[in-house]
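Right, I'll just put the structure down here and ask away after.
So that the names make sense, note that chain A is the first sequence line, chain B the second, and so on, each numbered from 1.
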2 protein chains.
Amino acid sequence: MAYRQGLDAETVLQAAIELADLQGVEQLTLAALATKLNIKTPSLYNHIKGLPDLRKQLSRRGLVLIKEAMVEAVIGKAEDDALLAAGFAYVMFARKQPGLYDAISSLPDYEDPELQEAGSQVVLFILRILAPYGLSEEDALHVVRGFRSMVHGFASLEHRNGFRMELERDESLRRLLQTYLRGLRVAVK
Amino acid sequence: MAYRQGLDAETVLQAAIELADLQGVEQLTLAALATKLNIKTPSLYNHIKGLPDLRKQLSRRGLVLIKEAMVEAVIGKAEDDALLAAGFAYVMFARKQPGLYDAISSLPDYEDPELQEAGSQVVLFILRILAPYGLSEEDALHVVRGFRSMVHGFASLEHRNGFRMELERDESLRRLLQTYLRGLRVAVK
DNA sequence: GTATAATAACTAATATCATTAGTTTTGTAA
DNA sequence: TTACAAAACTAATGATATTAGTTATTATAC
């Protein structure tokens with residue numbers, strides 16, 4: 001093999017994402033990644049710090065992309081419409097990029113500052129959608145947790161094949177979010 | 001070491017659960033498990049089929065126990081009270097037995113019949129709590145999905161340290177469930 | 001333009017796993 | 001008491017990540 005095929009960190013990350021989306025993040029091994037890139041495993045260390053670091057990169061990229069997907073989805077929408085659209089965008093992302101989504105959710109911990117930053121962006125985004133509801137800061141933060149719980153829980157269960165009944169899944173998600181939003185309208189509590 | 005120390009499958013499973021709860025299911029290795037049991041790694045194969053099988057056993061046990069915890073929690077309660085109690089019991093279980101809960105939720109797939117059976121028991125349990133609401137079967141199934149999404153999502157995010165704000169977490173969970181239940185009351189939709 | 005330094009690939013080696021095969025010891029039942 | 005099943009063992013294999021040290025290529029400095 002020719003020396004110097006012009007590999008860089010971004011290319012490696014992209015290949016890792018492809019592998020993860022195809023076979024799950026559990027199956028993402030440096031051996032498989034190196035094979036895909038036509039290099040030997042140790043050569044990967046010129047571009048990544050190691051497997052844990054690579055996983056972290058996947059998580060970070062996933063958080064950035066899922067937030068972008070939500071931002072895109074709420075263009076021209078507000079309040080319940082916007083939250084519904086954001087929720088669907090979240091779940092759709094998890095469907096389209098299961099490995100990347102897995103990387104987000106199968107993280108041992110969010111201790112890393114870069115990950116926290118990316119996570120904060122998601123939270124801030126939801127807070128901005130919530131602005132027109134006129135909630136107190138504390139109330140809004142509880143709602144953010146609720147929203148994240150719903151969409152992450154749904155995406156996660158769906159991904160593990162946790163929904164086995166013959167029942168339209170998009171409809172389940174729509175009802176979940178709408179029921180919650182209806183409850184939010186009723187009492188400010 | 002003495003031959004025949006009277007080990008059996010249940011003891012091995014218990015030790016595995018302890019390890020998983022202590023260090024996470026990712027760190028549950030046969031090597032560590034064997035060390036804990038004072039045997040050599042290959043000896044484990046007298047009691048388990050292999051690591052994937054062990055993981056499956058953990059998942060199954062977790063599903064059984066989390067359902068039992070919910071059953072216990074709803075004694076003497078009905079409707080919203082029962083659902084709220086079940087939801088809290090679910091999340092409490094995830095807190096108390098993080099490794100076991102991880103085993104439930106970090107499953108590659110639910111293909112296995114035994115796991116499906118255990119999962120069905122959870123679904124059936126929630127359906128029984130929903131009975132007094134007089135929902136159609138289809139409506140009820142959507143609600144079950146919603147409920148599972150909420151509590152799993154909450155437990156999962158909490159476990160990954162996903163909730164970073166200084167904000168009472170139990171209160172977040174209470175509001176999430178109550179808001180949803182309120183929405184359920186408003187319209188039968 | 002050539003020398004030098006940084007870089008990206010490589011090979012070799014190590015440690016940790018899970019797993020299988022084959023062996024020894026122990027408990028139990030005939 | 002003997003024979004067999006079961007539960008432990010040792011030894012070996014193959015996959016994995018990682019580190020150390022080497023070589024070739026690219027880029028930079030002069």
**Message:** So that I can tick it off, tell me whether A:Arg185 and A:Glu79 are bridged by a salt bridge, with the cut-off set at under 4.0 angstrom between side-chain N and carboxylate O.
**Reply:**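 Judged by the 4.0 Å cut-off on N to carboxylate O distance, A:Glu79 and A:Arg185 do form a salt bridge.
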**Prompt:** Is there a donor N/O on one and an acceptor N/O on the other, under 3.5 Å, for the side chain of B:Asn46 and the base of D:dA8?
**Reply:**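 Donor-acceptor pair under 3.5 Å: yes.
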**Request:** Please report, rounded to the nearest Å, how far the C1' atom of C:dA8 is from the CG atom of A:Asn38.
**Result:**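 Checked: the CG to C1' distance equals 15 Å.
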**Asked** Under 4.0 Å: is that the gap between some side-chain N or O of A:Tyr45 and OP1 or OP2 of D:dT18?
**Response**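 It does, given that an N or O in the side chain of A:Tyr45 lies less than 4.0 Å from OP1 or OP2 of D:dT18.
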**Message:** From C-beta outward on A:Thr29, which listed nucleotide comes closest to its side chain: D:dT16, D:dA11, D:dT18?
**Reply:**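 Of the options given, the side chain of A:Thr29 lies nearest D:dT16.
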**Whether A:Arg164 side chain and B:Ser120 backbone form a donor-acceptor pair below 3.5 Å** =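 Checking the backbone N and O of B:Ser120 against the side chain of A:Arg164, no donor-acceptor pair under 3.5 Å is found.
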**Message:** Using the side-chain heavy atoms of A:Ile39, tell me which of these nucleotides is nearest: C:dA9, C:dT19, D:dA8.
**Reply:**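 Within the option list, the nearest is C:dA9.
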**Request:** In whole angstrom, give the distance that lies between atom CG of B:Asp53 and atom C1' of C:dA18.
**Result:**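 So the two atoms are 14 Å apart, to the nearest Å.
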**Asked** CG of B:Leu33 versus C1' of C:dT16: gap in Å, rounded?
**Response**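 After rounding, the gap between these two atoms is 16 Å.
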**Request:** Using whole Å, report how far CG of B:Leu54 lies from C1' of C:dA18.
**Result:**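 Atom CG in B:Leu54 sits about 12 Å away from atom C1' in C:dA18.
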**Asked** Hey, are A:Glu117 and A:Arg60 close enough for a salt bridge, meaning a charged N less than 4.0 Å from a carboxylate O?
**Response**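 Not counted as a salt bridge, because no side-chain N and carboxylate O are separated by less than 4.0 Å.
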**Asked** Salt bridge between A:Glu26 and A:Arg55, side-chain N to carboxylate O under 4.0 Å?
**Response**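 Here A:Glu26 does not pair with A:Arg55 in a salt bridge, since their nearest N and O are not under 4.0 Å apart.
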**Message:** Could you tell me how far apart B:Glu26 (CD) and C:dC17 (P) are, to the nearest whole angstrom?
**Reply:**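 From B:Glu26 CD to C:dC17 P: 14 Å.
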**Prompt:** Ring centroid separation for B:Phe163 and B:Phe154, is it under 6.0 angstrom?
**Reply:**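 Ring-ring flag for B:Phe163/B:Phe154: true, centres closer than 6.0 Å.
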**Request:** Return no unless some side-chain N or O of B:His47 is found under 4.0 Å from OP1 or OP2 of D:dA6.
**Result:**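 No.
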**Prompt:** Of the nucleotides C:dT19, C:dC10, C:dA9, which has the atom closest to the A:Lys40 side chain?
**Reply:**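 Looking only at side-chain atoms, A:Lys40 lies closest to C:dC10.
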**Request:** Starting from C1' on D:dT16, measure out to CG on B:Leu30 and report it in whole angstrom.
**Result:**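 Going from CG in B:Leu30 over to C1' in D:dT16 covers 15 Å.
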**Message:** In this structure, how many angstroms lie between the P atom of C:dA8 and the CG atom of A:Leu37, rounded?
**Reply:**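 Interatomic distance, CG of A:Leu37 to P of C:dA8: 14 Å.
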**Request:** Take the protein atom CG of B:Asp8 and the nucleotide atom C1' of D:dA6, then report the distance between them rounded to whole Å.
**Result:**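 B:Asp8 atom CG is separated from D:dA6 atom C1' by 13 Å.
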**Asked** Is A:Ser43 touching bases, backbone alone, or none of the nucleic acid, heavy atoms closer than 4.0 Å?
**Response**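 The residue A:Ser43 makes base contact.
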